[in-house]
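Note on naming: letters A, B, ... go to the chains in the order of the sequence lines (proteins, then strands), and numbering restarts at 1 for each one.
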There are 4 protein chains.
Amino acid sequence: MSQWTTVAEEVAAKLREDAAERDRANAAPEREVELLRSSGLLTAFIPAELGGGDADPATSDSVTRIIAAADASIGHLLGYHYLHVWRSELFGDQDRVTRLRRETSANQWFWGGVANPLDAALELTPAEDGFLVNGRKTFATGASLADRLVVSGTRTDTGEKLTFTMDARANGVRYLDDWDNVGQRLTESGGVLFTDAPVAADDVLGVHPPSEEDSPAALRLSLAQIAFQAVLSQLHVGIAEGALEQAAEYTRTMSRPWFLSGVDNASDDLYVLVGYGELVASTEAAGLLADHASALLYAAAAEPELTPELRAAAALTISSAKVVSTKAVNEVTAKIFEFVGARATASKYGFDRFWRNARTITLHDPVSYKARELGAHLLTGELPPITGYS
Amino acid sequence: MSQWTTVAEEVAAKLREDAAERDRANAAPEREVELLRSSGLLTAFIPAELGGGDADPATSDSVTRIIAAADASIGHLLGYHYLHVWRSELFGDQDRVTRLRRETSANQWFWGGVANPLDAALELTPAEDGFLVNGRKTFATGASLADRLVVSGTRTDTGEKLTFTMDARANGVRYLDDWDNVGQRLTESGGVLFTDAPVAADDVLGVHPPSEEDSPAALRLSLAQIAFQAVLSQLHVGIAEGALEQAAEYTRTMSRPWFLSGVDNASDDLYVLVGYGELVASTEAAGLLADHASALLYAAAAEPELTPELRAAAALTISSAKVVSTKAVNEVTAKIFEFVGARATASKYGFDRFWRNARTITLHDPVSYKARELGAHLLTGELPPITGYS
Amino acid sequence: MSQWTTVAEEVAAKLREDAAERDRANAAPEREVELLRSSGLLTAFIPAELGGGDADPATSDSVTRIIAAADASIGHLLGYHYLHVWRSELFGDQDRVTRLRRETSANQWFWGGVANPLDAALELTPAEDGFLVNGRKTFATGASLADRLVVSGTRTDTGEKLTFTMDARANGVRYLDDWDNVGQRLTESGGVLFTDAPVAADDVLGVHPPSEEDSPAALRLSLAQIAFQAVLSQLHVGIAEGALEQAAEYTRTMSRPWFLSGVDNASDDLYVLVGYGELVASTEAAGLLADHASALLYAAAAEPELTPELRAAAALTISSAKVVSTKAVNEVTAKIFEFVGARATASKYGFDRFWRNARTITLHDPVSYKARELGAHLLTGELPPITGYS
Amino acid sequence: MSQWTTVAEEVAAKLREDAAERDRANAAPEREVELLRSSGLLTAFIPAELGGGDADPATSDSVTRIIAAADASIGHLLGYHYLHVWRSELFGDQDRVTRLRRETSANQWFWGGVANPLDAALELTPAEDGFLVNGRKTFATGASLADRLVVSGTRTDTGEKLTFTMDARANGVRYLDDWDNVGQRLTESGGVLFTDAPVAADDVLGVHPPSEEDSPAALRLSLAQIAFQAVLSQLHVGIAEGALEQAAEYTRTMSRPWFLSGVDNASDDLYVLVGYGELVASTEAAGLLADHASALLYAAAAEPELTPELRAAAALTISSAKVVSTKAVNEVTAKIFEFVGARATASKYGFDRFWRNARTITLHDPVSYKARELGAHLLTGELPPITGYS
């Protein structure tokens, strides 16, 4: 793993250099995706025999977090990319998994997804050798930059819900370029409009069973939803780590001690030291919990006899990680300002982007409903519902 | 007072319309200052016989807060303007006070200040009929937009520290236009360079006694420092009020209830209701405390036999107001996002500006040192030191 | 007012001496009520011509708070006593008010109440010249120590809800002596059993109109409920003030600086100073808000044309005060331990009683529902419902 | 491990039955120590060949936490007992370790310690075949209940600092029975007076090198101090877990929904569910971090080439665990009251003991100095100092 950690750190160092500037410019991160591609990180977790970097997939979270610490948007794109590649496993067709990984390696594909559960479903009309997709989706992170998409839709004839892959540049796919938000600005999370966009029958990953079904196969498919939540927690932690690191660098090298402090360096002010220490501790706790949550997720995915209880155990810990990391990243990214001081509010330092990124990404879905799941389980043993967000 | 409250609300309504857009554009707020001028607000608190609006000066905080709720930068400019006009009283020369007010009314002057205590002092070299000013100052809020300035400097010959007024457009005054910060973007708080800029002897407001002197006159002069702190607390409260109001408007009209909430409107979600309620309560408490602090300040300024204890009582309550309002505004402006939801992170709504303004203005000077004053007074009875910030 | 403040401080000083010890002993505070009585505080706010101390009733909160700071239970008893005496005004029969005050002064009555709205109503069976009371009530703070009671019940024949006074020692009134709780231990807030207890027709204060009626008279009667909430906020603030004062005394005289602190006295540790300062500020804010809330309540009670909006304005500010004071007192009473240190956990100092009192009294009714009122008003303009708690 | 977990849970169930009652009675926990002894838990982590229960020592924290959840004082005694048995390893004399474990198993010894670093050192005067101990120590948790003690003192002749074991019932050892504190009441953490108490030369575990020495052996010895900190974090987590579990049981079975809630059970109130969920999440994070910290400690103890950096890595994570667990346990034990409601403040339920235990144990040494270590390391790379507490 250490090889790819090193690569990630090199990429992160490049991203960090102009992250504040690129945040302001708000241009589509084409060069940044190219940087990920040329570094090999896109395929780092694909086995060597399929053309990839052969790293242990379970450690992809570390790479995501390193990149997110430097540039939260790019970390977000990469974390979702890994998730899209990984989730093909959940459908249980090993041949297809192998083929997709081989093609991803060969073409150095960057993956995006189109699946906001709160929008109306895309319509899949059967057509010669596949389907035609119609409809509109919002919040399609990374899609407009992607080579391949993972998409969900509903068959107009049978009502079945399918997940499939498609060429992101196919005819009939239009990116609305309407993502201009206060945080995660470079994630290109805008809308997508499908107009008779063709999907090959062979690219259908699988059919989703009803959410109340609890066969191991059905439960396994439903892991994709909590996998997104797990990645979000990792991104929260990455942002907190990046904010702490860069704020500490500023305090160490740029901050002036307050004239009443009686110390020669801002780094010697007790209030500053204690304040940073509390943030270090909460970030470390959130990171450990996010990693533990991911480990439970991977274990559930690998469990042939997956039960509702095992799925729920992973889901609940992922919810804990979300609650804890949400609190940590919002607190860290706001509090660091007290330790860098007034001059560090100059736009050129871009310290506000950490908070804007944190505040935006932590609203992906309301964290209070994750806490509610945890409370309900404690009080009544209730398992979290299986939804588009849990 | 109600007349001027109404005017303030009309001006605020205009400012609110494009506040988010102007924040992004980051242009010098010349039209906004003109709006204040044409509304009569600049001279609202000057007595009628001197040409002003005749409102009770003690109620200027309400106007400041109403404007700050709509546009924190413009509220900041206005609050400091009122402070500059008011503080001339502290020097005890009633004729000059009268003259300054009359001129301010006649010319509809907008005032700014140049006095960052952490910079090296400006140098005042005696010259024919006055002084020449040389040196450089940072964080000169509003100066580049002002007609008249209040400035502090040190005589090169005697070492005396003087406060004086001058024409903001005088020869030898150059505005560095270097304010590009993440919050309070339109306050034009950049640097000023003085090169042999002339000051008339007649425009010297007074000489500052050493800070350890505790005659009533010396103590009265030292009220200017805590007056800035009092205005800052009012601005904190105004920002919190504005954020709450606009977030509530969005929740009421735009937010969707979460699909698991079981309610039809976001405004019926218990978590949202309780959350807003907590913010309302803390904002109300901060507002009352800020008003109480201002009242103690005005009472101290009006007290012929001002004592160190009376000054300290005002200073300590102002510090309490700063501690409480800092916490409230940072919390309110961050927390509202949970109640408006993910779609409200679109840049066009500009909800992040409340937090950026709050986070920037609350760093004016470290709030921990205000808390320290309060703790020291509780523990040992120590009075707050008289400094550039307290 | 200053005379009675002095008396209150003298009584408080006596109570403070053995407050920790008496908290542990948990004996009914008969001597403490006697101390209040002999000090004159019980009748301090009754006009001189009716035999009382002639203090301004609107300032009774200060006395309550001073006593509560020394002994939260005794402050609670006194605050409720004042409330019981005051609330007779709400029924609009000035002759009765005069008579009750005259009798209270003449007999130095201590008042208690029996009215938990969540219990089944007491039954009032018409009898010769009055009623017989039957039923059981819980949480009857101070009743078992009282001379006179204010009680509510429902007529068995007409279903009308009456409030009346009665001799606390009447036949058929039994105190269950079942108050053994972790905080507010000396408030004697146990149950009361009524078995054919006689009430004179002449002691009926009035009939309660349905809660939806909004005549000024009906609204005025409903102020009693929010008056309890206002007193609770004052008690919260009193407890916080007492905790701060006694902790500061300990830190100043007994605490040792930590061996790594580099200072000679615990009172010089920056972390301790800042920590205390933050608590001072939040207590001051809560106190101001509680006083403002009380002032609105008294103004509403004095308003001949009381409207739902005016009542709501008082109710909402009282709810704000409850939210803010609840948070402040729970935080202050927990946090002080960090500033007194490990040795101060010895039982003899009794510092935990502040927190136990705070934690118990702040559960009187769920503060989240007060926040909900505030949120609903902000979002939709909804006025708080008129209930037994609002 | 599962066998001993089961035993621990059985013991915990017994302790839980009357934990509240025993807390009030405040009697020395002789029967409770006997219960630990008869259950086999005292020797569970000693290898089978030495007569113990053969559980993996690294998992002793789980047992400590299970017991602490039921009764924080008894968990504290057990956690320290395990620590005293374990720490003999640090001195590097494997024969002695073997002998101590064998004897502990054979005699079912319960171990206590006497070593408060802030007191004056005990004096060790050389005597025939050993030393005589003189002096006085405070905060000697468990000592008065112990069979054997681990004690530290300083040789009067050479100034060397020794750690040794001794018979807790030896002549000249007097327990001052002066522990009467608001929390951790049954830990018997009172003072000990030594008057010519004999120590055998053979019972000296080792000599402490100066704290600045950084040989692997010296660093290993210094792990004892951070091991105490690690156990404290585990106890914090155990208390939080116990509080949550028992509060949830009460909410589920006893709490009434608020009359305005619109739900039939307190367990369905959104505010209650979200509130519990947040506490579950923070407790889970603290638990993971405490376990990770313990794992780093055990790894450091097992490392032949222990370096200052490896020791520091363990120390820093232990500090993080302390910061996070301190915050979690104080918050959990205070907040649960909002979810059980006013009736749960009855003394018979004893819910306040969780908070009193938490508040007391978290003051063992000031957590702000742990945060300071973390901040200093982040800012400057400084390693935590080696002291009696770190």
Hey, could you give me the CZ/NZ distance between C/Arg359 and D/Lys335, rounded to the nearest 0.5 Å? 7.5 Å
Taken to the nearest 0.5 Å, the spacing of D/Asp269 CG from C/Tyr369 OH works out to 3.5 Å
Out of [options], return the one with the most heavy atom pairs under 4.5 angstrom to chain D.
options	value
C/Gly275, C/Ala344, C/Ser261, C/Pro385	C/Ser261
C/Pro366, C/Ala334, C/Gly183, C/Gly350	C/Pro366
C/Phe337, C/Tyr271, C/Trp258, C/Trp179	C/Trp258
C/Trp355, C/Phe351, C/Tyr349, C/Phe139	C/Trp355
C/Ile361, C/Thr362, C/Asp178, C/Leu260	C/Leu260
C/Gly341, C/Pro117, C/Ala342	C/Ala342

Please look at D/Arg372 and chain C and tell me whether the side chain, the backbone, both or neither of the residue comes under 4.5 angstrom of a heavy atom of that chain.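 Just the side chain, heavy atoms under 4.5 Å.
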Examine the side chains of D/Thr345 and C/Asn181 and answer whether a donor and an acceptor come within less than 3.5 Å of each other. yes
D/Arg24, CZ: over 12 other non-hydrogen atoms inside 6.0 angstrom: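 It does: D/Arg24 CZ has more than 12 such atoms within range.
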Is it true that, when you exclude D/Asp177 itself, more than 12 heavy atoms of the residues, nucleotides or ligands shown sit nearer than 6.0 Å to its CG?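 No - once you tally the heavy atoms of other residues, nucleotides and ligands closer than 6.0 Å, there are 12 at most.
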Can you tell if the side chain of D/Arg343 reaches within under 4.5 Å of the side chain of C/Leu363, non-hydrogen atoms only?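 Counting from C-beta outward, D/Arg343 and C/Leu363 never come under 4.5 Å.
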Which atoms of C/Asp180 are under 4.5 Å from chain D, going by heavy atoms: the side chain, the backbone, both sets, or neither? both
Using non-hydrogen atoms and a 4.5 Å limit, figure out which bit of C/Arg353 sits close to chain D: side chain, backbone, both or neither. neither
Is there a donor-acceptor contact under 3.5 Å from the side chain of D/Arg356 to the main chain of C/Asp352? no
Nearest heavy atoms of C/Val182 and D/Ser347, plus distance in Å: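 Residues C/Val182 and D/Ser347, closest heavy atoms: N-OG, 3.7 Å.
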